[in-house]
Amino acid sequence: MKPFHTLHILNKRPGHPGFKSCLSCLESRDALLLTENGVLALADKGLTLEGAVYALSADLVARAIPEDASIANVIDYDEMVALTIRANRVISW
Amino acid sequence: MKPFHTLHILNKRPGHPGFKSCLSCLESRDALLLTENGVLALADKGLTLEGAVYALSADLVARAIPEDASIANVIDYDEMVALTIRANRVISW
Amino acid sequence: MSSPALSFTLVITGAPYSTQAPQTALAFARATVAAGHRIDRVFLYGDGVYLASNLASPPSDEANWSHQWRAFLEEKAVPGVACIASALRRGIVDDNEKQRYELPASNIAAPFSIAGLGEWVEGVARSDRVIYFHGGN
Amino acid sequence: MSSPALSFTLVITGAPYSTQAPQTALAFARATVAAGHRIDRVFLYGDGVYLASNLASPPSDEANWSHQWRAFLEEKAVPGVACIASALRRGIVDDNEKQRYELPASNIAAPFSIAGLGEWVEGVARSDRVIYFHGGN
Amino acid sequence: MKTLVIINQAPYGNWSGREALDMALSLAAFDQPATLLFTSDGVNWLRKDQQAAAISQKSVDRNLAAASIFGVSELLADHQSCHRFGLDDHTMIEGITLANINADFLRAYGHVISLS
Amino acid sequence: MKTLVIINQAPYGNWSGREALDMALSLAAFDQPATLLFTSDGVNWLRKDQQAAAISQKSVDRNLAAASIFGVSELLADHQSCHRFGLDDHTMIEGITLANINADFLRAYGHVISLS
């Protein structure tokens with residue numbers, strides 16, 4: 001498991017100003033984890049996400065949003081904990 | 001004092017999705033009242049407001065936003081009450 | 001004011017501190033009464049019910065919104081009602097609910113009382129104006 | 001887990017009902033402990049302090065986030081701390097504050113306690129990871 | 001007087017949509033005409049097969065099924081928002097009418113509520 | 001380890017900016033280096049002559065003056081956000097350094113807090 005620089009945890013809906021702030025601070029060595037209403041990004045046709053993207057399974061299942069592996073790696077809370085450990089730094093937006 | 005159709009009370013910051021929703025429902029016979037963080041619209045260079053626009057003085061003074069009469073009629077709470085009476089309908093966004 | 005007196009129901013859905021709603025609503029309520037209109041009730045809904053707590057103790061150099069609202073409601077004999085479903089979820093309870101749910105205390109501030117959404121429907125049906133004060137976030 | 005055990009401080013700034021923060025944080029906390037890591041403390045800040053109320057009574061077919069958090073903290077012997085400044089403004093008080101401010105009741109749920117931001121600074125300085133659970137609105 | 005209750009927030013992230021729904025149900029219970037409108041992120045209430053037990057909540061699609069039974073006149077969804085979130089006949093629960101939200105649309109309602 | 005506290009909400013509408021500031025002050029009080037960054041609507045904290053008594057609050061510009069006295073290392077503001085809200089040398093309080101927010105900028109901070 002390669003470490004990455006920053007794990008960005010994003011729980012905002014795609015229309016929220018914080019969603020854009022978070023994306024503008026992503027760089028190639030970072031990873032993005034979508035949680036809560038952040039997972040709506042996977043259903044939003046106006047958005048394209050790039051790079052290492054993860055999404056919480058429980059939040060997807062609750063909202064009936066298809067687990068599209070071409071957009072995001074779908075993970076559980078155990079893997080979320082593991083991601084926070086792999087990262088040198090964690091930012092919750 | 002001419003009555004108007006709808007008074008839209010808008011307390012959202014200009015970047016909030018509700019700000020745009022409100023503007024999209026304005027018509028020529030309506031009036032817009034900016035309150036709380038809604039008054040930031042008067043300082044926002046990316047925005048143009050048209051039609052009958054009012055803004056609460058107390059919220060402008062608190063935030064040191066110049067009372068620009070070319071954009072909005074600056075009013076106090078007494079006049080806000082009067083506006084809700086002049087309108088056939090009031091919507092708080 | 002030369003216009004005839006009207007009746008208002010005010011609905012507050014934003015909490016103190018998280019939102020400016022209780023403040024704006026209070027300034028509006030004072031202006032309403034000053035203009036000779038009647039406030040049928042102030043209805044607290046959703047996070048707005050936090051305004052009815054009697055345990056808030058902000059620093060002494062800050063406004064205490066709960067105190068100010070209670071003083072206004074008492075002075076003007078305006079009913080203040082917190083929605084029971086919103087209040088129970090958020091831990092705002094009166095003595096009845098305290099007993100019913102075997103809770104260690106009650107914390108609703110007089111003159112606020114607890115009632116159902118029917119109080120709000122009554123406002124929609126009968127007050128001349130229903131004005132909402134939401135959170136702005 | 002083959003990785004070495006680390007220490008965490010979790011900070012919750014979103015309230016139950018207004019946000020999903022207390023739920024997500026609890027699922028994360030359970031997974032943290034299950035993986036063999038240590039949680040130094042859970043720190044409630046801003047609206048997050050509402051989680052520490054012992055008066056919330058949601059309908060019986062809904063999750064009670066305060067109950068679930070209290071059970072977790074007790075079972076795993078994890079300290080739960082509500083920021084004193086946030087708590088006083090929002091009407092979450094312990095017996096000390098009740099006496100000091102002459103309030104009619106206290107409503108903090110054991111094992112939560114009240115302390116200053118120094119508890120959080122301690123986490124920033126000493127825990128391997130500080131993870132924030134904010135509101136999402 | 002017809003009341004329009006607007007739900008513009010997605011479910012589960014907070015309680016405001018449920019509380020807006022309760023308002024519509026209360027109006028209906030007291031024989032006041034109420035229409036529900038889902039717009040912006042709120043259209044995500046309408047997706048089929050939600051399983052909120054995964055996050056220890058109750059799914060909201062069942063509450064919606066109750067809405068028409070208990071007398072809420074109409075369930076509307078903003079056309080553009082549905083398109084944005086990929087909601088169509090296949091992915092949406094039944095009984096929803098699409099609408100375009102603007103000043104003309106709003107004019108039919110004497111009372112409009114937008115919790116957010 | 002340097003901590004960056006981001007304030008991206010305007011003052012007075014809610015308490016989150018004040019609570020973010022308290023976090024920075026606490027770090028400084030315990031000799032932990034802390035920088036404050038105002039961005040997005042948060043730059044409205046920086047306007048001169050705020051008179052929050054008009055809405056029965058205390059003006060936040062005084063709290064900011066306290067920040068550097070009590071050891072907060074730096075007060076930064078996002079250049080673009082300042083421009084958007086018409087904040088310049090004439091309208092802004094003193095002691096603020098402009099910055100451009102991106103991944104490069106963030107890299108200098110081991111711990112980043114964004115309340116919102």
Side-chain angles (χ1 to χ4, degrees), chain A residues 8-23 32-50 53-84 91-93, chain E residues 6-21 38-65 75 77-96 98 101 114-116:
Chain A
H8 300 266
I9 301 178
L10 180 54
N11 71 340
K12 305 291 185 281
R13 60 181 190 271
H16 192 284
F19 198 96
K20 225 173 84 184
S21 303
C22 170
L23 292 192
L32 174 67
L33 169 59
L34 302 168
T35 69
E36 304 178 358
N37 279 343
V39 304
L40 295 174
L42 268 61
D44 189 336
K45 291 189 171 174
L47 266 181
T48 319
L49 296 172
E50 284 170 8
V53 180
Y54 299 83
L56 264 182
S57 171
D59 284 312
L60 287 167
V61 168
R63 293 164 179 80
I65 292 173
E67 306 193 344
D68 187 340
S70 70
I71 309 179
N73 304 295
V74 177
I75 64 169
D76 62 16
Y77 294 103
D78 294 336
E79 293 166 295
M80 178 179 174
V81 171
L83 284 181
T84 65
I91 305 179
S92 294
W93 293 92
Chain E
I6 302 177
I7 294 185
N8 56 22
Q9 298 217 17
Y12 310 121
N14 69 38
W15 225 253
S16 87
R18 295 185 195 260
E19 286 173 327
L21 176 60
F38 297 85
T39 181
S40 187
D41 301 319
V43 296
N44 289 288
W45 271 68
L46 306 174
R47 212 177 291 274
K48 265 185 199 161
D49 302 323
Q50 298 173 47
Q51 296 172 43
I55 51 170
S56 306
Q57 290 194 30
K58 290 188 291 181
S59 295
V60 292
D61 43 1
R62 284 176 224 168
N63 302 58
L64 285 187
L75 300 180
D78 176 54
H79 196 279
Q80 212 183 331
S81 308
C82 287
H83 179 73
R84 176 179 158 204
F85 284 106
L87 285 158
D88 56 29
D89 287 352
H90 300 291
T91 53
M92 219 152 76
I93 59 172
E94 284 173 21
I96 310 296
L98 294 183
I101 312 312
S114 174
L115 259 74
S116 67

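If you're wondering where the values come from, they're calculated on a predicted model, not measured in any experiment.
Side-chain N/O atoms of E/Gln50 and E/Tyr12 include a donor and acceptor closer than 3.5 Å.
For A/Asp59, the parts lying near chain E are the backbone and the side chain together; criterion is any non-hydrogen pair under 4.5 Å. For A/Arg13, the part lying under 4.5 angstrom from a heavy atom of chain E is the side chain only. Using a 4.5 Å cut-off between heavy atoms, A/Asn37 touches chain E through its side chain atoms alone. Heavy-atom distances place no part of A/Leu47 under 4.5 Å from chain E, backbone and side chain included.
Applying the ring-ring contact (aromatic ring centres under 6.0 Å, His included) definition to pairs two or more places apart or across chains, none involves residues 57-83 of chain A.
E/Arg47 places none of its side-chain heavy atoms less than 4.5 Å from the side chain of E/Met92. Counting heavy atoms from C-beta on, the side chains of A/Leu32 and A/Leu10 come closer than 4.5 Å.
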